[in-house]
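First the structure, in the form of structure tokens, and then the observations on it.
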Amino acid sequence: MNSIETLFQQLTKMQWSDYLDIIIVAYLLYKLLPLIRNTGTKQIAKAIGVILGVAWLTDLLNLYTLRFIMEQFLQIGLIALVVLFQPELRRMLDHLGNMKFRKFLGIEKEEQEMDPIIKQTVMACEVMSKERVGALIVFARDNRLDEYIKTGTTLEAQVSEQLIRNIFFPKASLHDGAMIIRDGKMAAAGCVLPLSNSTRISADLGTRHRAAVGISEASDAVVIVVSEETGTISVAEGGMLKRHLASQTLEKVLMRELNPKDPEEQKNAVDRLKKKLKNMGKEERK
């Protein structure tokens, strides 16, 4: 009870600036926590958590020698973390730097109509799969992927089945790199992507698949891979690779990830489902 009374006393002493401070910190945490989704940034978070936990325990249990060591370590701990986790920190900062500022602040803009773009892409992947033509197609989302677009040839072209197939034609000059689609346009082709070091990737998969997983680890992109050897269609998202997808499944995955329904449409769908279930219940009682 005393602790509750103390809490209320502290709340009454708080000024408007304290509330603003709490709201800003909570909002920043809400926006930045998704950045630790991939394995590398999780390692950084775990390392910091362990260090802080040990420091707290040494203070709580009065472990003077260990506390002295921890104090010395914390003085150089930041530099050590930067050195040890330099690649992961770079990916995390790239992820943050590439985010749309409007999106970070929660300001939404009208989204590009993705249905025709998805259909053209699926048709191209279906043909390339049958013809055993390798392809690597990246759909940029909140992360702008400017760093990777600069490594390729700028296109800014309309997405079409014919153009996708021409770019990945085996004798075409850009077929070995990745195509990046952003804001409903082919932003660039022949792009170089980071390779994943994940041990979960099957040994029989090549550079295209490792690049697909790598860019999905470093960003929120959705990536399509068509295998040159087997014609298998795969999708990488969030560091995970879904393999052996049929063209219909590929279209469903892209629709779900790139063209989600707006909240009002979802609400109407839920209302229709509730109404249908209610009517079914009435019929059963009859």
Validation: residues 239-248 side-chain donor-acceptor distances under 3.5 Å, sequence neighbours left out:
none

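- Put simply, M123 and V226 are part of two different groups of oily side chains (I, L, V, M, F, W, Y) that touch within less than 4.5 Å, one to the next.
- Looking at residues two or more places apart in sequence or on another chain, you find no salt bridge (charged side-chain N to carboxylate O under 4.0 Å, His left out) involving K252.
- Between S227 and H209 the shortest heavy-atom distance is CB-CE1, 4.0 Å.
- Put simply, L195 and L193 are part of two different groups of oily side chains (I, L, V, M, F, W, Y) that touch within less than 4.5 Å, one to the next.
- Taking 4.5 Å as the limit, every side-chain heavy atom of S234 sits out of range of all side-chain heavy atoms of I224.
- Note that OG of S219 is 8.5 Å distant from CZ of R141, once rounded to the nearest 0.5 Å.
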Could you go through the side-chain contact (heavy atoms from CB on, under 4.5 Å) check for V138 and C191 one step at a time? CA-CA 10 Å; V138 181; C191 302; over 6 Å; no
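- Rounded to the nearest 0.5 angstrom, I215 CD1 and I180 CD1 are separated by 6.5 Å.
- By the 4.5 Å heavy-atom criterion applied to side chains, H175 and V133 are not counted as neighbours.
- The backbone N or O of E229 lies less than 3.5 Å from a partner atom in the side chain of R132, making a donor-acceptor pair.
- In this structure, the side chain of D220 engages the main chain of N143 through a donor-acceptor pair within 3.5 Å.
- With a 4.5 Å cut-off on side-chain heavy atoms, L258 and I117 do not count as touching.
- The cluster map of Ile, Leu, Val, Met, Phe, Trp and Tyr, joined by side-chain heavy atoms under 4.5 Å apart, puts V222 and L205 in different clusters.
- Here the CD atom belonging to E126 is positioned 7.0 Å from the CD1 atom belonging to I233, to the nearest 0.5 angstrom.
- I201 and V223 sit in two unconnected hydrophobic clusters of ILVMFWY residues. Membership requires side-chain heavy atoms under 4.5 Å apart, directly or through other members.
- Under the 4.5 Å side-chain criterion, counting only non-hydrogen atoms from C-beta, I118 is in contact with E251.
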Could you pull out all donor-acceptor pairs under 3.5 Å where a side-chain atom in residues 149-160 meets a protein atom, sequence neighbours excluded?
{"unit_1": "T151", "atom_1": "OG1", "unit_2": "Y148", "atom_2": "O", "d": "2.5"}
{"unit_1": "T151", "atom_1": "OG1", "unit_2": "V192", "atom_2": "N", "d": "2.9"}
{"unit_1": "S160", "atom_1": "OG", "unit_2": "L163", "atom_2": "N", "d": "3.2"}

Are I167 and M186 close enough, and set up right, to give a side-chain contact (heavy atoms from CB on, under 4.5 Å), and what steps lead you there? CA-CA 11 Å; I167 287 174; M186 287 184 188; 4.1 Å; yes
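- Between E237 and R256 there is no salt bridge, since no side-chain nitrogen of the basic residue lies less than 4.0 Å from a carboxylate oxygen of the acidic one.
- With hydrogens and angles disregarded, a donor-acceptor distance shorter than 3.5 Å links the side chain of R182 to the backbone of R144.
- Using modelled atom types, one finds no donor on one side chain facing an acceptor on the other under 3.5 Å when comparing S198 with S196.
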R210 and N197: CA distance, side-chain angles, deciding distance, side-chain contact (heavy atoms from CB on, under 4.5 Å) verdict: CA-CA 8 Å; R210 287 199 169 272; N197 294 318; 5.9 Å; no
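- With hydrogens and angles disregarded, a donor-acceptor distance shorter than 3.5 Å links the side chain of Q120 to the backbone of E161.
- Contact of the F139 side chain with the E257 side chain is not registered, since no non-hydrogen atoms from C-beta on lie closer than 4.5 Å.
- A chain of hydrophobic side-chain contacts below 4.5 Å, direct or via other Ile, Leu, Val, Met, Phe, Trp or Tyr residues, connects L174 to I164.
- Panel note: side chain S216, backbone V213; a donor-acceptor pair is recorded below 3.5 Å.
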